[in-house]
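Below, chain A is the first sequence line, B the second, and so on; all start at residue 1.
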Protein chains: 2
Amino acid sequence: MVRRRPTYHHGDLRAALLRAGEEQLARTGVAGFSLRQVASRVGVSHAAPAHHFGDAQGLLAALAAEGFRRFLVAMRHRQANAGDNARALLVASGLGYLDFARSSPALFRLMFGDERIGKPTEELATAANNAFLHLAGDIERLLGVSAFANPTAMARAMAVWSLVHGFASLLNSGHMRTVLSMPPEQQNHFFQVAFAPLLGPLDTD
Amino acid sequence: MVRRRPTYHHGDLRAALLRAGEEQLARTGVAGFSLRQVASRVGVSHAAPAHHFGDAQGLLAALAAEGFRRFLVAMRHRQANAGDNARALLVASGLGYLDFARSSPALFRLMFGDERIGKPTEELATAANNAFLHLAGDIERLLGVSAFANPTAMARAMAVWSLVHGFASLLNSGHMRTVLSMPPEQQNHFFQVAFAPLLGPLDTD
DNA sequence: CCCCTTATCTTGACGGCGACAAGATCAGAG
DNA sequence: CTCTGATCTTGTCGCCGTCAAGATAAGGGG
């Protein structure tokens with residue numbers, strides 16, 4: 001694992017560090033994440049990552065950005081088999097959201113507000129924004145109104161996002177014991193029941 | 001600040017560490033939190049906290065538990081002037097939830113799933129549980145059914161919790177830019193609009 | 001073909017960190 | 001007064017992120 005490689009130059013260190021970084025993230029979590037361990041895992045000196053990512057924040061930000069892109073893929077993946085019903089498509093996005101949070105809990109935490117990433121990179125900001133735009137698109141298809149054109153629709157979009165995100169976060173952090181004891185499939189069903197009230201028509205009082 | 005105190009024994013070190021610990025949490029966040037700095041802030045040697053809290057996890061867990069208790073107070077505080085309408089009381093809890101998240105963002109993060117607390121202490125677990133029981137009580141008053149007696153009511157309770165928590169978290173982590181640009185009071189109004197669909201009657205289909 | 005510039009990676013050092021062990025100080029019981 | 005246990009200090013260890021200086025490779029211009 002720490003075997004010396006034959007060539008002085010690695011060749012594709014940046015990609016290798018990202019791969020190893022995500023592995024370590026999954027193993028040790030964000031708190032136990034260490035640049036030196038990632039470097040050693042790739043078989044490279046402890047200061048090598050600096051050239052590609054600047055500092056630890058840089059690597060973590062890159063990992064988070066990559067996470068947001070895969071996050072989007074997870075939502076789209078669920079939608080692929082969900083037919084063309086607007087309501088079903090939104091629910092599918094929610095399930096994809098949960099899939100991602102469950103399959104990469106540490107990355108999920110890193111992405112949503114871990115302090116070890118300071119100000120988000122440009123790359124990170126756009127990747128995160130794209131993920132929300134996807135949800136906003138689902139909402140627009142369901143309601144027939146763009147969230148950016150109608151405050152009530154925006155409120156609904158934020159509600160949807162908040163509910164899904166809160167559910168995923170509370171599951172992830174172990175705070176929702178009642179639901180946590182169920183198998184994942186049943187958790188999903190439970191989520192859909194809880195989700196249902198947000199799928200109705202807009203109540204523009 | 002690091003002045004040597006006259007007596008060898010501090011007298012009330014445990015409480016002083018908790019106070020200084022929360023201060024440091026607010027200043028540097030969870031990631032920058034350091035036992036040694038807390039100790040130095042109290043004017044005590046770097047190893048002194050160990051006797052009262054074991055290790056860093058111990059101090060953080062104690063801070064989180066204290067946080068959950070104050071969290072409950074924040075919800076009750078909002079309810080004090082909310083009349084006796086079940087719906088208004090639940091909304092008030094939600095607003096208190098947001099108040100707390102906004103006023104102690106770092107503590108809020110620590111409480112909900114930071115990895116630097118390992119397995120929750122007994123104290124921490126009960127404090128966290130009491131906070132959820134409060135919300136469950138609000139739901140029960142609104143619906144007339146205990147969440148622990150009716151799965152649909154439980155789903156509703158989880159939905160309420162998830163939405164409020166997700167909203168608070170996304171605000172806290174800066175991911176909800178659209179809402180973040182509004183003043184707090186308007187954020188609260190926005191939250192209530194988004195929250196409304198969850199306040200209706202149970203749809204036990 | 002050689003040299004030179006530049007990117008890449010290594011080595012070594014610094015201070016700060018959490019944890020541990022051993023010793024100093026104090027308070028209170030007997 | 002002494003003994004005992006709780007409380008706090010001092011010193012050390014290994015690990016961490018960051019920085020600076022040097023070694024190595026790669027590629028282009030002569």
Practice problem: Test side-chain contact (heavy atoms from CB on, under 4.5 Å) on A:Phe71 and A:Met75 and set out the steps. | Solution: CA-CA 7 Å; A:Phe71 181 56; A:Met75 292 194 278; 3.9 Å; yes

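For the segment residues 53-65 of chain A, residues with any heavy atom less than 4.0 angstrom from an atom of DNA chain D are, sorted by number, A:Asp55, A:Ala56.
When the P atom of D:dA6 is taken as reference, atom CZ of B:Arg14 falls 16 Å away, rounded to whole Å. Here the C1' atom of nucleotide C:dT8 and the CG atom of A:Asp12 are 13 Å apart, to the nearest Å. As a whole-Å value, the separation of A:Leu13 CG from D:dA26 C1' is 16 Å. Between A:Arg41 atom CZ and D:dC15 atom C1' the separation is 17 Å, expressed in whole Å. Atom CG in A:Leu35 sits roughly 10 Å away from atom P in D:dC16 (whole-Å rounding).
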Can you tabulate the close N/O pairs, meaning under 3.5 Å, that link protein atoms to atoms of nucleotides 12-16 of chain C?
unit_1, atom_1, unit_2, atom_2, d
C:dG12, O6, A:His46, NE2, 2.9

Every protein N/O lying under 3.5 Å from an N/O of nucleotides 4-7 of chain C:
none

What side-chain donor-acceptor pairs closer than 3.5 Å can you find for residues 25-38 of chain B, not counting sequence neighbours?
unit_1, atom_1, unit_2, atom_2, d
B:Thr28, OG1, B:Gln24, O, 3.0
B:Ser34, OG, B:Arg36, N, 3.3
B:Ser34, OG, B:Gln37, N, 3.0
B:Gln37, OE1, B:Gln24, NE2, 2.9

Show me the side-chain donor-acceptor pairs of residues 94-104 of chain B shorter than 3.5 Å, one per line, residues at least two apart or across chains.
unit_1, atom_1, unit_2, atom_2, d
B:Tyr97, OH, B:Trp161, NE1, 3.1
B:Tyr97, OH, B:His165, ND1, 2.9
B:Asp99, OD1, B:Arg78, NH2, 3.1
B:Asp99, OD2, B:Arg78, NE, 2.5
B:Asp99, OD2, B:Arg78, NH2, 3.3
B:Arg102, NH1, B:Gln187, OE1, 2.8
B:Arg102, NH2, B:Asn188, OD1, 2.7
B:Ser103, OG, B:Asp99, O, 3.2
B:Ser103, OG, B:Phe100, O, 3.3

Check residues 124-137 of chain B and write down every donor-acceptor pair under 3.5 Å in which the side-chain atom is one partner and the other belongs to a residue at least two apart or another chain.
unit_1, atom_1, unit_2, atom_2, d
B:Thr126, OG1, B:Glu122, O, 3.3
B:Thr126, OG1, B:Glu123, O, 2.9
B:Asn129, OD1, A:Arg177, NH2, 3.2
B:Asn130, ND2, B:Thr126, O, 3.4
B:His134, NE2, B:Gln79, OE1, 3.3
B:His134, NE2, B:Ser93, OG, 2.9

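Taking 4.5 Å as the limit, every side-chain heavy atom of B:Val179 sits out of range of all side-chain heavy atoms of B:Leu170. By the 4.5 Å heavy-atom criterion applied to side chains, B:Thr178 and A:Met158 are counted as neighbours. Within the 4.5 Å cutoff, side-chain heavy atoms of A:Leu107 are placed close to those of A:Leu110.
Considering every non-hydrogen atom in both A:Arg156 and A:Gly200, the closest pair reads NH1-O, 2.9 Å.
Taking only side-chain nitrogens and oxygens, B:His52 comes nearer than 4.0 Å to OP1 or OP2 of D:dC8.
Comparing the end axes of the helix from C:dC1-D:dG30 to C:dG30-D:dC1, each fitted to five base pairs by superposing C1' atoms of four pairs onto the next four, gives an inter-axis angle of 10° (nearest 10 degrees).
Annotation: side-chain hydrogen bond (donor to acceptor under 3.5 Å, both in side chains) contacts involving residues 107-118 of chain A, sequence neighbours excluded, are absent. The list of side-chain hydrogen bond (donor to acceptor under 3.5 Å, both in side chains) pairs with a residue in residues 48-57 of chain B, not counting sequence neighbours, is empty.
Residues that satisfy the ring-ring contact (aromatic ring centres under 6.0 Å, His included) test with A:Phe68, not counting sequence neighbours, are A:Phe112, B:His175. With sequence neighbours excluded, the residues satisfying salt bridge (charged side-chain N to carboxylate O under 4.0 Å, His left out) with A:Glu22 are A:Arg70. Remark: A:Phe191 engages A:Phe167, A:Phe195 in a ring-ring contact (aromatic ring centres under 6.0 Å, His included) (not counting sequence neighbours).
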